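Notes to accompany the following structure.
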Amino acid sequence: MDVLIERFHLFFDGFLLTLQVCVVAGVLALAFGIVAAVCRISPIPPLRWLGTAYVTVFRNVPLTVVLFFTVFGLPIIGNRAEFLKIHGLDRLFPRLTIDLPYFRLVCLGLAIYTGAFVCEALRSGVNAVASGQSEAARALGLTFIQNLRYVVLPQAWKAAIVPLGTVLVAMAKNSALAGFFGLVGDLSATMQTLVSQEGEPLIPVMIGISFWYLLMTIPASLVLDTVERRRKLA
Amino acid sequence: MRLTRAAAVGTVLALGLGMLAACGNDEPESGPPAASVTFPAGTTMAKLHDAQKITIGTKFDQPGFGLADLNGKPQGFDVEIGKIIASELGIPADNIDWVETPSAVREEYLETGRVDMVVATYTINDARKQRIDFAGPYYVAGQQIMTRADDNSINGPDDFRNGDKKVCSVTGSTPAANIVNYLKDQATQLVLFDTYDKCLDPLRNGDVDAVTTDNVILLGYVSQSPQDFKLVGSKFTVEPYGIGVKKGDDAFRSFVNDVLEKIFADGRYAKAWTDTAGKFDPTVPEAPKVDRYTSS
Amino acid sequence: MSRAEVDVELSLHTSRRRGRAPSASVLYDAPGPRARRTIWIGSALAAAVVLFLGWRFVYRPLEATGQFSLDLWGPFVDSSNNHCPGAVPHCFDQIWPRLGQGLLATLRAAGLAILASLVFGLALAGLRIQLKHLMTRRYRHLPAPLAWSARGLTVGLNGLTRVCVEVLRGMPVVITIFFVARGLPELGLPPQATMWYLVIGLTLYNAIVIAEVVRSGMEGLPKGQREAASSLGLSSTQTITLVLLPQAVRIMLPAIISQLVVVLKDTSLGFIISYNELLNIGKLAIQLLHNPLQMYFVIGLTYLAFNYALSRLADWTQRRLARGGV
């Protein structure tokens, strides 16, 4: 059990790094998901096909393959996710602006993958709005954009919160894959180092790593369950 | 009716899965002829000889020492040494089960018994001797640095001290642990993957400026792409390669040491080298003296 | 999967069934001539923008770094072995059977994991519902200390299963597989059996999810079912296995099949324990063929094809069930 106390900073730093990955990837995923959702419900067929293609591809390809593409494939064609090098965020996300692209590439890969699920969560929120609302809006003569803006979206976002939350919790779990793709210091990379390289006893490391991951996922899941129960009763 | 249909589907599924589980592919492997020997009862050698099977861990990604071909079978100097030891145990090369042991898992696989021995560019050091035992050494390498062919800014490990050069290595390897001492800031300068070949493209693309590991491994990569890479500086550590065996198995360890001394003398060592790593480093290495230490 | 995730899956399957998002037909009127013209112009514009972006950010970088050359694609398409790297003279003849082996290994692990997840998932769902029913019993016919201990045991078991479920669901599957593969050999199990550790790791996660799906299905059934069963004299266990489970499974089948797609995708995590499934084999082959983008593309396409087929199966079952079949 000593490893938990002696190497506590390793666990905690790994937790912080994983948290950073989740935040950056989460924001990007929301952006991708919103764009894809708008594409899927728009009346313009090419945009609909694009949105459907994006969602179909990334719901059916494993995250490992996506990460292999972004972490190893993108640098080959010269793309190192430079657009993520936002210098204002240096204090919060120190690894965002360094030359080594792996933090940015892992976040990008995770975001592209999760974006497909965000799109589906948002679409289920839109579907949850009773169709009578839209029909009433059309009867009143509102255009597509007005319908979305004043009637559907204000009700849809409330229905979409729980599925969205679930998708983001799943993304936090998927971030564990980052440690296997060159991200030094992440929780799963720390786990590999401690168990395989340094031969620390398995059970304490297991408890230590699990604790930090469960800290991220269980409270969020419980909150989501409570919110959902309240909505069902309301 | 529904139950019988479900039962029928279930049986077909089970049969299908059983077939899949049973099928495998076995290709005859070439190797030295198996000696007919007997061993004292109770020793690992007797156990392996009677089972006529041995599991050897080696690298699958290092040209010249252990590189898997397209059928998944490794080839290289380490592989040849492993085959020779197996033949001395009376086990034909066909019955060797090769397992990929990336640097980070070699001790663990020996401790849990997943492999019987490890011949995988395995540097002997005291920290590892706490968990497993080493026979040998059978080769002495040294850590070195490989850079892009047109890059003249790095000539040794000290060039990393000012913090603007990036280096790639492998989790769990001694070179990785060594190079950390020369880095100013790990987070911005170090990249670790699970196998060395993943470092090659980042080096080519400029994402890292150097790859560091033992010189023979780097030689293999340089010989594969001489227009892209080159070795710089000189060896700055001494890395004796040993054969990993389970801790405390002194009988097996001295058996392997005996075999090593035999092949140093009778030419099989030299032949193993020229057949494999000798293709890019023709000088047959001088056989080191095996270290028969007493296990603590 | 919480109730929320189940609802998301069900709503998506229902909407897919109708061919396109129902909100699309509801959000705007059937287009008249002017709207049709606007849509036409918008489509042309959108297509032009998308094509331009695709050319600029996807095609041009690939072309510039020579990713379309036959040297890289040769091992996959050139049956005359003319474009193989020097070390591998028969690359085309060797690479496809090798990938086939990898695919078989993936399907093998996925098949076993799916079977185990279904079996354990259904059992766990039944167990949790049974425990919930037992919680309401008061054991009045037993002497007081026995009754108290029986109730305590039930509460304890209920809490224990709840904790196990939450923990296993909250851990990433990668970590679970890693711990299973490192921990079980220490207990004496054979270390060579990587496929079984992958299957066990996958089952630990997916059985829990399937159990939650089926459990929420069972709890969503009308109370009348349980009341009718008890009026017929069926015991608690019989009620669950004969009445509740079959109906819940039928309702939740699309969500269950979606989870099976997840299982198939997660077999690609086998590379962390060096199980020779499709992705790991691709990784090893890249060392010899030096064509990472092309290899991952082929592998990604394979996964896409299989998982898409599984998802279509989910839609087909949903449609057949809605018609009242099975």
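Keep in mind that this is a model prediction, so the values were computed, not measured. Protein chains get the first letters and strands the later ones, always in sequence-line order, with residue 1 at the start of each.
- Put simply, CD on C:Glu166 and CG on A:Leu214 are 9.5 Å apart, with the number rounded to the nearest 0.5 Å.
- Only the side chain of A:Ile209 comes within contact range of chain C, judged by heavy atoms closer than 4.5 Å.
- When all heavy atoms are compared, the tightest approach of A:Arg59 to C:Lys265 is O-NZ, 2.9 Å.
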**OP:** Could you walk me through whether C:Leu269 and A:Leu177 pass the side chain to side chain contact (heavy atoms under 4.5 Å, CB included) test, one step at a time?
**Re:** CA-CA 9 Å; C:Leu269 295 171; A:Leu177 219 50; 3.4 Å; yes
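- Checked by atom type and distance alone, the side chain of A:Asn60 never pairs as donor or acceptor with a backbone atom of C:Leu304 at under 3.5 Å.
- Interatomic distance, A:Leu67 CG to C:Ser268 OG, rounded to the nearest 0.5 Å: 10.0 Å.
- Expressed to the nearest 0.5 Å, how far CE of A:Met216 lies from CE of C:Met171 amounts to 10.5 Å.
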Result block: side-chain N/O donor-acceptor pairs under 3.5 angstrom for residues 33-49 of chain C, not counting sequence neighbours:
{"from": "C:Arg36", "atom 1": "NH1", "to": "C:Pro31", "atom 2": "O", "distance (Å)": "3.4"}
{"from": "C:Thr38", "atom 1": "OG1", "to": "C:Arg34", "atom 2": "O", "distance (Å)": "2.8"}
{"from": "C:Ser43", "atom 1": "OG", "to": "C:Ile39", "atom 2": "O", "distance (Å)": "2.7"}

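- Looking at A:Leu222, only its side chain comes within 4.5 Å of chain C, counting heavy atoms on both sides.
- Environment of CZ in C:Phe68: crowded, with over 12 heavy atoms of neighbouring residues, nucleotides or ligands closer than 6.0 Å.
- The shortest non-hydrogen separation linking A:Ile77 to C:Thr65 is CG2-OG1, 3.7 Å.
- Interface remark: C:Val167 contributes backbone and side-chain atoms alike to the contact with chain A (heavy atom separation under 4.5 Å).
- The CZ atom of C:Phe271 sits 4.5 Å away from the CZ atom of A:Phe68 when rounded to the nearest 0.5 Å.
- Taking OH of C:Tyr205 as the start and NZ of A:Lys173 as the end, the distance is 3.0 Å to the nearest 0.5 Å.
- When each of C:Pro172, C:Pro292, C:Gly300 is checked for heavy-atom pairs under 4.5 Å with chain A, C:Pro172 comes out on top.
- Contact annotation for C:Phe297: both backbone and side-chain heavy atoms come within less than 4.5 Å of a heavy atom of chain A.
- Residue A:Tyr213 holds its OH atom at 10.5 Å from OG1 of C:Thr176, rounded to the nearest 0.5 Å.
- Residues C:Gly183 and A:Leu202 come closest through the heavy atom pair CA-CD2, 3.1 Å.
- For chain A, the nearby part of C:Gln67 is the side chain; its heavy atoms alone come within less than 4.5 Å.
- Chain C forms the most heavy-atom pairs under 4.5 Å with one residue out of A:Gly125, A:Pro46, A:Ala172, and that residue is A:Pro46.
- Highest contact tally toward chain C, considering only A:Thr64, A:Val227, A:Val61, A:Val65, is held by A:Thr64 [criterion: heavy-atom pairs under 4.5 Å].
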**OP:** Take C:Leu293 and A:Phe69 through the side chain to side chain contact (heavy atoms under 4.5 Å, CB included) test and state the conclusion after the steps.
**Re:** CA-CA 7 Å; C:Leu293 276 176; A:Phe69 257 114; 3.6 Å; yes
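- In this structure, chain C has heavy atoms under 4.5 Å from both the backbone and the side chain of A:Ile76.
- Partners of A:Phe117 according to the ring-ring contact (aromatic ring centres under 6.0 Å, His included) rule, which considers only residues two or more places apart in sequence or in another chain, are A:Tyr113.
- When each of A:Gly165, A:Ala137, A:Gly73, A:Ser188 is checked for heavy-atom pairs under 4.5 Å with chain C, A:Gly73 comes out on top.
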